[in-house]
Amino acid sequence: MPRRLSLEDEVALAFRRACAERDWLVAEFLFQALEAIAERDSDEKRLETAYGELVEQLRAGRATH
């Protein structure tokens with residue numbers, strides 16, 4: 001039986017996809033969900049990773065224009 005992803009993992013995956021598709025409105029809401037999870041769990045590692053991914057996508061977008 002395949003391992004189920006945690007809610008945090010699924011939100012992070014959706015956030016990455018929203019960034020890759022440059023859907024910034026959805027990415028913003030998903031980032032807020034990641035902030036809530038980090039606050040609830042007192043663990044900001046995933047949030048730092050998401051912030052880094054967001055910065056990378058924004059930089060990549062500037063390079064293509």
Side-chain angles (χ1 to χ4, degrees):
M1 176 180 273
R3 182 180 75 92
R4 275 186 70 178
L5 295 177
S6 68
L7 176 60
E8 181 181 4
D9 289 339
E10 289 184 3
V11 172
L13 288 170
F15 172 77
R16 276 190 226 114
R17 182 173 176 181
C19 287
E21 293 180 9
R22 311 190 83 57
D23 190 339
W24 304 121
L25 180 63
V26 171
E28 180 181 359
F29 283 105
L30 292 166
F31 191 82
Q32 289 174 3
L34 289 170
E35 287 178 318
I37 292 168
E39 184 176 328
R40 178 197 69 201
D41 296 346
S42 298
D43 179 12
E44 295 189 7
K45 183 180 178 191
R46 176 75 61 131
L47 188 59
E48 291 170 4
T49 300
Y51 184 73
E53 291 168 357
L54 178 60
V55 169
E56 286 180 32
Q57 288 293 331
L58 291 172
R59 285 184 181 157
R62 281 193 207 147
T64 61
H65 293 293

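Counting begins at 1 with the first residue of the sequence.
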If you look only at distance, which donor and acceptor atoms sit under 3.5 Å apart when one is on a side chain in residues 4-18 and the other is two or more places apart or in another chain?
{"unit_1": "S6", "atom_1": "OG", "unit_2": "D9", "atom_2": "N", "d": "3.0"}
{"unit_1": "S6", "atom_1": "OG", "unit_2": "D9", "atom_2": "OD2", "d": "3.2"}
{"unit_1": "D9", "atom_1": "OD1", "unit_2": "R46", "atom_2": "NH1", "d": "3.3"}
{"unit_1": "D9", "atom_1": "OD1", "unit_2": "R46", "atom_2": "NH2", "d": "2.6"}
{"unit_1": "R16", "atom_1": "NE", "unit_2": "E53", "atom_2": "OE1", "d": "3.3"}
{"unit_1": "R16", "atom_1": "NE", "unit_2": "E53", "atom_2": "OE2", "d": "2.9"}
{"unit_1": "R17", "atom_1": "NE", "unit_2": "E21", "atom_2": "OE2", "d": "2.7"}
{"unit_1": "R17", "atom_1": "NH2", "unit_2": "E21", "atom_2": "OE2", "d": "3.4"}

List the atom pairs, with distances to 0.1 Å, where a side-chain N or O of residues 24-33 and a protein N or O form a donor-acceptor pair under 3.5 Å, not counting sequence neighbours.
none

Partners passing side chain to side chain contact (heavy atoms under 4.5 Å, CB included) against E44 (at least two apart in sequence or in another chain): A38, E48
